[in-house]
Amino acid sequence: MSKPPGVRRLWSARARIELVLHQDNRFSLLVSKNLREPTGLPVAPYAGASYGTYDDKVRVIGGLGVFLTEKFSALVTYNGVNVHPVLTFTHERHAFSLIMVKGRDPGVSYSVTF
C-alpha cells in the first residue's frame, strides 16, 4: 500500500516475534522492534515473558538496545530477576562485549558471524 505524498509512517506493525525453547527447559516469547526507521531514534526495545519448568514461574523480561555509533552499541537486559548492562564493539564479523552480570560482576564475550 503506497503512502500519499508528504505522509511519513510513524509506526509499522512489523515487529519481530520469537518463541524460544531453551536447553534448560525454559520457554520465552519475545516481541522486539527496531525503532530507528519509523522514529529516527537509534533504539530497539524488546519485551516478553519467560516460563521456567524448574521453578514453575512466568517472569516478565525485557530490554533496550541503543546504537551509540556505527561500531558501538549498548544493551540493558532484564531477565525477570536481574539487570545486565552490556557494551558491544563490532568490527566486520566480530563482536566484543563487556557484560556487567547482575549490574556488578564483569564479564566478556566474543562472537563471530559467518
Side-chain angles (χ1 to χ4, degrees):
M1 183 162 113
S2 65
K3 298 179 290 187
V7 173
R8 180 175 173 219
R9 182 185 307 180
L10 294 178
W11 182 258
S12 169
R14 285 188 250 170
R16 184 175 179 166
I17 300 173
E18 298 179 47
L19 178 61
V20 181
L21 170 60
H22 302 273
Q23 291 179 349
D24 59 355
N25 293 326
R26 284 181 301 122
F27 303 87
S28 297
L29 178 64
L30 298 171
V31 177
S32 61
K33 176 74 177 169
N34 186 334
L35 298 177
R36 185 186 301 242
E37 185 180 324
T39 67
L41 298 173
V43 297
Y46 75 92
S50 180
Y51 171 74
T53 58
Y54 175 76
D55 56 3
D56 197 32
K57 286 186 178 179
V58 175
R59 300 182 192 274
V60 175
I61 58 176
L64 179 67
V66 179
F67 307 101
L68 303 171
T69 68
E70 186 177 313
K71 293 190 176 262
F72 282 95
S73 63
L75 172 68
V76 177
T77 182
Y78 176 67
N79 66 1
V81 179
N82 296 297
V83 174
H84 311 284
V86 181
L87 179 64
T88 300
F89 170 76
T90 56
H91 179 70
E92 297 175 358
R93 304 177 337 156
H94 308 276
F96 304 89
S97 298
L98 171 63
I99 306 164
M100 296 301 290
V101 179
K102 298 181 183 179
R104 66 175 184 264
D105 301 323
V108 294
S109 169
Y110 167 75
S111 60
V112 61
T113 58
F114 52 92

Report task. Measure the OH-CG distance between Y54 and N25 for me, rounded to the nearest 0.5 Å. Result -> 12.5 Å
Report task. Of all the heavy-atom pairs spanning E70 and T90, show the shortest one and how long it is. Result -> O-OG1, 4.1 Å
Report task. Compare every heavy atom of L68 with every heavy atom of A74, then report the nearest pair and how far apart it is. Result -> CB-CD1, 4.0 Å
Would you list the atom pairs, donor with acceptor, under 3.5 Å between side chains in residues 91-108 and any protein atom, with sequence neighbours excluded?
residue: H91; atom: ND1; partner: K71; partner atom: NZ; Å: 2.9
residue: H94; atom: ND1; partner: Y110; partner atom: OH; Å: 2.5
residue: S97; atom: OG; partner: T88; partner atom: OG1; Å: 2.7

Query - Shared hydrophobic cluster, V58 / L21 (ILVMFWY, side-chain heavy atoms < 4.5 Å) - result: yes
Query raised in the report: So if you build clusters from Ile, Leu, Val, Met, Phe, Trp, Tyr with side-chain heavy-atom gaps below 4.5 Å, do L87 and L64 land together?
Result: yes
Requested in this report: Establish whether V86 and I61 are linked, either directly or via other cluster members, by ILVMFWY side-chain heavy-atom contacts under 4.5 Å.
Outcome: yes
Report summary line: Between S32 and Y46, the two heavy atoms sitting closest are CB-CB, 3.6 Å
Report task. Please name the pair of heavy atoms, one in V43 and one in V66, separated by the smallest distance, quoted to 0.1 Å. Result -> CG1-CG2, 4.1 Å
Query - Distance-minimising heavy-atom pair for V83 and Y78 - result: CG2-CD1, 3.9 Å
Report task. Test Y51 against L29 for side-chain contact (heavy atoms from CB on, under 4.5 Å), laying out the working first. Result -> CA-CA 9 Å; Y51 171 74; L29 178 64; over 6 Å; no
Query raised in the report: What residues form a ring-ring contact (aromatic ring centres under 6.0 Å, His included) with F72, not counting sequence neighbours?
Result: F89
Query - Heavy-atom side-chain proximity of L35 to P45 below 4.5 angstrom - result: yes
Report task. Grab the two heavy atoms, one from G52 and one from R26, that are nearest each other, plus how far apart they are. Result -> CA-CG, 3.9 Å
